[in-house]
Undergrad: 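The structure under discussion is supplied below as structure tokens; questions concerning it will follow.
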Number of protein chains: 2
Amino acid sequence: MDSSSDYLLKKLSQKNLRFSFQRMKILEYLYQHESSHLDAEEIYEALSRVIPGLSKTTIYNTLHTFQKAELIQAVDIENSETRYELSASRHGHFICKQCGGIHDFEVDMDAIVVKELSQFQIEEKDVYFRGLCPDCIRTQKESTFSKKNKKKEAKDES
Amino acid sequence: MDSSSDYLLKKLSQKNLRFSFQRMKILEYLYQHESSHLDAEEIYEALSRVIPGLSKTTIYNTLHTFQKAELIQAVDIENSETRYELSASRHGHFICKQCGGIHDFEVDMDAIVVKELSQFQIEEKDVYFRGLCPDCIRTQKESTFSKKNKKKEAKDES
DNA sequence: TGATAAATTGTAATGATTACAAATTTATAA
DNA sequence: TTATAAATTTGTAATCATTACAATTTATCA
């Protein structure tokens with residue numbers, strides 16, 4: 001709601017983030033579209049009209065920075081790495097942030113009922129948990145931001 | 001479990017799918033790795049050693065075919081289009097298969113408890129529902145397979 | 001004010017996936 | 001069995017979001 005400069009500046013400094021014009025504008029835009037789910041492209045399109053010479057890399061960098069600072073959170077909608085399994089009962093998937101391993105678990109999807117969605121036709125329900133698997137809890141080392149690295153060493157058990 | 005030729009052939013014909021050597025081998029591989037979450041690359045790596053000249057496009061085509069026939073199901077792990085929202089209480093996301101619109105809804109994440117995961121360190125819980133939003137239920141037309149098309153016309157409300 | 005660390009920029013690369021057209025294979029009917 | 005039409009496979013090129021990286025600019029603080 002409140003997206004005044006003062007407010008945004010405070011938000012940044014609260015998270016020990018440096019000031020920059022681009023940062024301010026991106027944060028402002030996020031607040032101005034609080035109820036949306038923006039992607040880097042949309043933010044870039046909108047702000048490059050206001051900030052000539054704005055680089056898309058800056059958008060990506062800044063979003064990552066904000067995410068690490070927990071100012072924003074990522075919502076994963078589409079996906080580039082689709083994995084397949086034989087059709088079977090729907091179950092939840094636990095993805096280890098460290099090793100990338102995927103572990104199935106049982107969830108009672110029918111128990112997840114949302115009155116809000118009574119007008120919606122629900123065809124699929126997916127539940128994803130993320131965190132550390134037992135193996136990685138033991139050998140908990142560095143945890144890089146890049147997903148690419150994790151994927152390399154990822155092994156799928158379950 | 002049973003991945004004999006006869007069994008696989010029956011599976012194909014049950015779904016009105018034509019026979020082909022590649023199809024058989026891919027389906028066989030899926031049955032042989034029933035508890036895994038395979039991606040196209042992994043299947044290609046394994047089978048191209050058995051089927052010289054196998055094309056990766058065939059893997060993609062076949063997996064799509066199997067998915068449409070509901071022989072297999074896709075599990076979306078990583079993602080290429082990340083969307084961001086301000087950090088707030090965690091909520092579920094409904095994604096409309098037709099228009100791509102995203103609608104938030106409240107879920108009591110704490111109510112989703114999985115005893116199976118007692119050894120796991122759960123850091124994030126995500127719930128995704130997919131289907132048709134009220135608007136698209138009304139104007140329900142063709143529904144193409146390609147996600148790309150949908151994205152083009154996607155608009156985010158919520 | 002100046003030094004230094006951090007942020008921004010632009011370009012090139014990556015990596016999963018898709019588009020497409022030509023060649024091959026399968027199913028079917030004569 | 002063979003011809004034929006339709007479906008499948010193949011290979012290459014393109015797409016698209018994202019990342020890597022090095023050079024330039026900017027912010028912060030002594």
Side-chain angles (χ1 to χ4, degrees), chain A residues 8-9 12-13 15-27 37-45 47-48 50-69 71 74-84 100 144-152 154, chain B residues 9 12-13 15-27 37-45 47-48 50-69 74-84 100 144-152 154:
Chain A
L8 298 175
L9 266 173
L12 287 181
S13 71
K15 300 291 186 178
N16 286 319
L17 296 179
R18 283 194 172 205
F19 164 87
S20 85
F21 183 65
Q22 292 85 340
R23 246 169 217 195
M24 287 287 280
K25 280 297 177 188
I26 293 170
L27 190 56
H37 306 81
L38 304 163
D39 63 11
E41 181 63 30
E42 286 170 335
I43 298 170
Y44 174 73
E45 289 296 340
L47 292 185
S48 60
V50 180
I51 309 171
L54 176 65
S55 167
K56 201 180 282 184
T57 304
T58 299
I59 304 291
Y60 280 106
N61 289 341
T62 305
L63 290 173
H64 287 167
T65 301
F66 286 177
Q67 192 184 357
K68 274 196 273 196
L71 271 172
V75 185
D76 299 338
I77 303 297
E78 310 262 348
N79 45 286
S80 71
E81 182 171 338
T82 303
R83 287 169 177 273
Y84 296 90
T144 47
F145 182 79
S146 164
K147 289 180 181 177
K148 298 292 167 189
N149 296 335
K150 287 177 206 156
K151 243 178 46 193
K152 292 270 196 299
Chain B
L9 268 174
L12 287 180
S13 70
K15 301 290 185 179
N16 286 320
L17 297 179
R18 282 192 173 208
F19 163 88
S20 86
F21 183 65
Q22 292 84 341
R23 245 169 219 197
M24 287 287 281
K25 280 297 179 189
I26 293 170
L27 189 57
H37 305 81
L38 305 163
D39 63 11
E41 181 64 30
E42 285 168 337
I43 298 170
Y44 174 73
E45 288 296 340
L47 292 185
S48 60
V50 179
I51 309 171
L54 176 66
S55 166
K56 201 180 282 184
T57 304
T58 299
I59 304 291
Y60 280 106
N61 289 341
T62 306
L63 289 173
H64 287 168
T65 301
F66 286 176
Q67 193 183 357
K68 274 195 273 195
V75 185
D76 299 337
I77 303 299
E78 309 262 348
N79 45 288
S80 72
E81 183 172 337
T82 303
R83 288 170 176 273
Y84 295 90
T144 47
F145 182 78
S146 165
K147 287 181 182 177
K148 298 293 168 190
N149 296 335
K150 286 179 208 156
K151 242 177 46 192
K152 290 270 195 300

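Proteins get letters first, then strands, A, B, ... in listed order; numbering begins at 1 in each.
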Undergrad: Rounded to whole Å, how long is the line connecting atom CG of A:L17 with atom C1' of C:dT8?
TA: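 Rounded to whole Å, this separation is 15 Å.
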Undergrad: Between A:N16 (CG) and C:dA7 (C1'), how many Å, whole number?
TA: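 Atom-to-atom, A:N16 to C:dA7, this comes out as 16 Å.
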Undergrad: Which value, rounded to the nearest 0.5 Å, describes the distance between B:L9 atom CG and B:L17 atom CG?
TA: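 Spacing of CG (B:L9) from CG (B:L17) equals 11.5 Å.
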Undergrad: Within this structure, what is the NZ-to-P distance between A:K25 and C:dT8, rounded to whole angstrom?
TA: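 After rounding, the reported distance stands at 14 Å.
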Undergrad: Starting at OH of B:Y60 and ending at C1' of D:dT15, how long is that distance when rounded to a whole Å?
TA: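 To the nearest whole Å, that distance equals 13 Å.
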Undergrad: As an exercise, state the distance from CD1 of A:I26 to CG of A:L8, rounded to the nearest 0.5 Å.
TA: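 Rounded to the nearest 0.5 Å, the CD1-CG separation comes out at 12.0 Å.
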Undergrad: Can you tell me how far apart CG (A:L71) and CZ (A:R23) are? Round to the nearest 0.5 Å.
TA: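 Answer rounded to 0.5 Å: 10.0 Å.
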Undergrad: Side chain of B:H64: nearest nucleotide among C:dT18, D:dG11, D:dC21?
TA: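 For the B:H64 side chain, the nearest candidate turns out to be C:dT18.
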Undergrad: Among the nucleotides D:dT18, D:dT28, C:dT18, which one has an atom lying closest to any side-chain atom of A:R18?
TA: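 Of the options given, the side chain of A:R18 lies nearest D:dT28.
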Undergrad: Once you round to the nearest 0.5 Å, how far does CD of A:E45 lie from CD1 of A:I59?
TA: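 One gets 10.0 Å once the value is rounded to the nearest 0.5 Å.
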Undergrad: Please confirm whether the shortest side-chain N or O distance from B:S20 to OP1 or OP2 of D:dT8 is below 4.0 Å.
TA: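 Answer no for this pair, as no side-chain N or O of B:S20 is under 4.0 Å from OP1 or OP2.
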Undergrad: If only side-chain N and O atoms of B:Q22 are considered, is one of them under 4.0 Å from the OP1 or OP2 phosphate oxygen of C:dT25?
TA: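 The answer is no; no side-chain N or O of B:Q22 sits under 4.0 Å from OP1 or OP2.
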Undergrad: Specify the residue among A:I51 and B:F21 whose closest nucleotide of DNA chain C lies further upstream toward the 5′ end.
TA: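 Its nearest nucleotide being more 5', the pick is A:I51.
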Undergrad: From D:dT9, C:dT9, D:dT18, pick the nucleotide closest to the side chain of A:N61?
TA: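 Nearest to the side chain of A:N61 among the choices is C:dT9.
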Undergrad: D:dC16 P sits how many Å from A:D39 CG, rounded?
TA: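 So the two atoms are 13 Å apart, to the nearest Å.
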Undergrad: Round to a whole Å and report the spacing from CG of A:L63 to C1' of C:dA7.
TA: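 Nearest whole value for this atom pair: 14 Å.
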Undergrad: Where each residue is assigned the nucleotide of DNA chain C containing its nearest heavy atom, which of B:F19 and A:R23 is assigned the position nearer the 5′ end?
TA: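 It is A:R23 whose nearest nucleotide is closer to the 5' end.
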Undergrad: Taking atom CD1 of A:I43 and atom OG1 of A:T58, what is their separation to the nearest 0.5 Å?
TA: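 That separation rounds to 12.5 Å.
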Undergrad: Closer to the 5' end of DNA chain D via nearest nucleotide, is it A:T57 or A:E41?
TA: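 Going by which nucleotide is closer to the 5' end, it is A:E41.
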Undergrad: I need the CD1-P distance between B:I59 and D:dT10, as an integer number of Å.
TA: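 It works out to 8 Å between those atoms.
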Undergrad: Whole Å only: how far is the CD1 atom of B:I26 from the P atom of D:dT9?
TA: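 Those two atoms, CD1 and P, are 7 Å apart.
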Undergrad: Can you see if the side chain of B:T62 gets near the phosphate of D:dT8 - specifically, an N or O under 4.0 Å from OP1 or OP2?
TA: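 Checking D:dT8 against B:T62, no side-chain N or O comes under 4.0 Å of OP1 or OP2.
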